[in-house]
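Comments concern the structure below.
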There are 2 protein chains.
Amino acid sequence: MTTVKDSQGRDNASLVNPSAVGLVAVIIAATDGEPRALTVQVEGQATGRSDGLPAGPLVPEHPTLERGLRAWVERQTHQRLGYVEQLYTFGDRDRQGDESQGLHSLSVAYLALVREVRPGGLAEASWRNWYRYLPWEDFREGRPAALAEIEPKLLAWAGGTGDPKLKRRREDRLSLTFGLCDGTWNEERVLERYELLFEAGLIPEAQGQSGAASPADLPVTGQPMAFDHRRVLATAIGRLRGKIKYRPVVFELMPPTFTLFQLQRTVEALSGTNLHKQNFRRLVAQQGLVEETDGVTSGATGRPARLVRFRREVLLERPAPGFRLRPAKRPT
Amino acid sequence: MTTVKDSQGRDNASLVNPSAVGLVAVIIAATDGEPRALTVQVEGQATGRSDGLPAGPLVPEHPTLERGLRAWVERQTHQRLGYVEQLYTFGDRDRQGDESQGLHSLSVAYLALVREVRPGGLAEASWRNWYRYLPWEDFREGRPAALAEIEPKLLAWAGGTGDPKLKRRREDRLSLTFGLCDGTWNEERVLERYELLFEAGLIPEAQGQSGAASPADLPVTGQPMAFDHRRVLATAIGRLRGKIKYRPVVFELMPPTFTLFQLQRTVEALSGTNLHKQNFRRLVAQQGLVEETDGVTSGATGRPARLVRFRREVLLERPAPGFRLRPAKRPT
DNA sequence: TCACTTATGCTCAAAATGAGCATTGTGCCG
DNA sequence: CGGCACAATGCTCATTTTGAGCATAAGTGA
């Protein structure tokens, strides 16, 4: 029964059950203080066009998953990728868009951070503010309106059970992910929130018809995406929000030189929260993340700001720090 | 050229290029203050037996990757899995043990944490101290001997290049991962260290003959494992070492009740470093991670310790904290 | 020059850390 | 039974690291 010999994943046994493997890329940029994801138009079977993430099958020519990804992305979007990391492998058989022909279809998702935003690239590829798809995640202007609309529906979902134990459990999850009871919002729990909304039937894709909503009328639960790409995006955002706290990855999104405030705006855009300005710059300074250039901004209103650049050397230094986010009580 | 329509990973295109997908599990337990991984005996093609991780192909019957994993593991090792999280998907074509027949073979690896260690389980499955495979990672008794032996070889590798720029880069990597120059050891960089050793040709598997060393004579670079399983293990350890700092996952490894010192020993076992006892308990206390029971230890020498249990409620509480590791200057 | 706006410097109290010293129970050994 | 050795616990203290703000500096536009 436990003949491990031919149960090894890479031996003949696995060849008997081939799977379809795809690659998906969540390509993130931040310009003008807005977080953006690169999207393409996807032609659904009978569902019309809808937004999706750049994706493609894994083909044997690619020696590496990551190489394959880069190839696909450059072909589809003409966007060069810089920083790339593996995000997650999605592979449930009941995944959306999966016809479950007895064949597993998995997608290996990658997260990429880029600087350049080529605005007039191809028509099929366009940068979209990621909060378009997850509007309840943006707390920069205070509690998002979308959240106010979603909240009663969530409470109704939690309450709409006969089983009191299940009800209790749902309420616990609500308070954990959305901080409904206690007012605690953890900006990293993006995926858990998405999945809760999905379970509660508040995500349009969940019903099976994805591209139903026209681009104009965003439902309160945001613009749908093709397949399970919204889930992938949620995963990416959660991961990125966590990562900026302990790794200097934001700089992958910044131009060669920038002001501390631009940097702050970028971090805020990603995390969806506001930070205390003075403390933010103190943190950046004492961590030695940047060095001054002799340039300053000009033209804009207010006192000109000094331009700084990322100190690449920190990547070779000790604990390689990021930002611990410190929310400000009041905006700015 | 950019007809995204049929370049979607999950459409017909991907069916044209099926891949062999396997599942691998890194199952971790900690007993008697030692970190252990569950291993099985693997029959290599011509390389004899060697240790490997429980693995199996992904078969269509499994609705979920995770379910498939659980099924395989329980079949192979009779070990029930509790906490499970996806670790990484390994898929480079030049992977070890991959015959590259033009077919991609990828392994989706999972990390599992378990409490029970069934000692006399099946003969094929056995718990092994993970430092058996990565002996340079254990700093609990001070700088590990293995590291002292490896160090000159690494320096030689770095120096053995004509290209001075490459040399410089290698030295930078050495100092970053092994902290050779400045004495900074970051216990999370397990994978980077493994990969560096691999590149430097110090990992036996790298040569192609895996099971060459008999279990008795561990090379300084540790006991080899089948396929790329040592890399998978390194990935798991690195991930776990990072995770315990911000998520209360250690408790998945603890029995229902335990002493604070046992808890500390477990954290130390995982991180491979020693902690300051008093500060450790202060941290645990103030984070509210545990609650006292009315039991105490007995029999052992020294003052009896109070038994505590994990407060499951913290999973529903605010930032869900873990341990920030604070290395002690002197042992204990 | 004034009004406004953003950049920067600095202060201060509170909380979190890092290192140790001191005390308290237990089992063991004359 | 008194004294030890050995852990478990309690507490102190000097630093750092946070969190919040106040105050000043340096441009732009009217």
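Numbers restart at 1 for each chain; the letters A, B, ... are given by sequence-line order, proteins then strands. Since the model is a prediction, treat every value here as computed from it, not as a measurement.
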* Side-chain contact test, heavy atoms from C-beta onward, threshold under 4.5 Å: evaluate it for A/V308 versus A/L263 and give yes or no. => no
* Asked: At under 4.0 Å, does any side-chain N or O of B/R281 touch on OP1 or OP2 of D/dT9?
  -> yes
* Asked: When the distance from CZ of B/R306 to C1' of D/dG10 is rounded to whole Å, what number comes out?
  -> 15 Å
* **Earlier contact from the 5' end, DNA chain D, for B/L307 and B/G302** => B/G302
* Asked: Would you say A/K277 reaches C/dT8's phosphate, i.e. side-chain N/O to OP1/OP2 under 4.0 Å?
  -> no
* Of the non-hydrogen atoms in B/A236 and B/L111, which two are nearest, and what is the gap between them? -> CB-CD1, 4.1 Å
* To do: Write down the distance between NE2 (B/H276) and P (D/dC11), rounded to a whole number of angstrom.
  => 15 Å
* Structure fact -> Whole-Å distance, A/L275 CG to D/dG21 P, equals 15 Å
* If you pin B/N279 and B/T297 to their nearest nucleotides in DNA chain D, which one's is more 5'? -> B/T297
* **Touch class at under 4.0 angstrom, heavy-atom based, for B/R282 against every strand present** => base
* In whole angstroms, how far is the P atom of C/dT17 from the CD atom of B/Q286? -> 6 Å
* Asked: What's the CD-C1' distance between B/Q278 and C/dA16, to the nearest Å?
  -> 17 Å
* Structure fact -> Atom CG of B/N274 and atom C1' of C/dG20 are separated, to the nearest Å, by 17 Å
* Structure fact -> Given the options B/V290, B/N279, B/V267, B/V284 meets side chain to side chain contact (heavy atoms under 4.5 Å, CB included) only with B/V290
* Asked: Just by distance, do the side chain of B/E252 and the backbone of B/V249 share a donor-acceptor pair under 3.5 Å?
  -> no
* Asked: In whole angstroms, how far is the P atom of C/dA7 from the CZ atom of A/F258?
  -> 14 Å
* To do: Flag this pair as yes if the NZ/CZ of B/R143 is under 6.0 angstrom from the six-membered ring centre of B/W185 and inside a 45 degree cone about the axis; otherwise no.
  => no
* Asked: Rounded to whole angstrom units, what separation is found between the CG atom of A/L283 and the P atom of D/dT17?
  -> 11 Å
* Taking atom types as they are modelled, is there a donor-acceptor pair under 3.5 Å from the base of C/dT5 to the side chain of A/R303? -> no
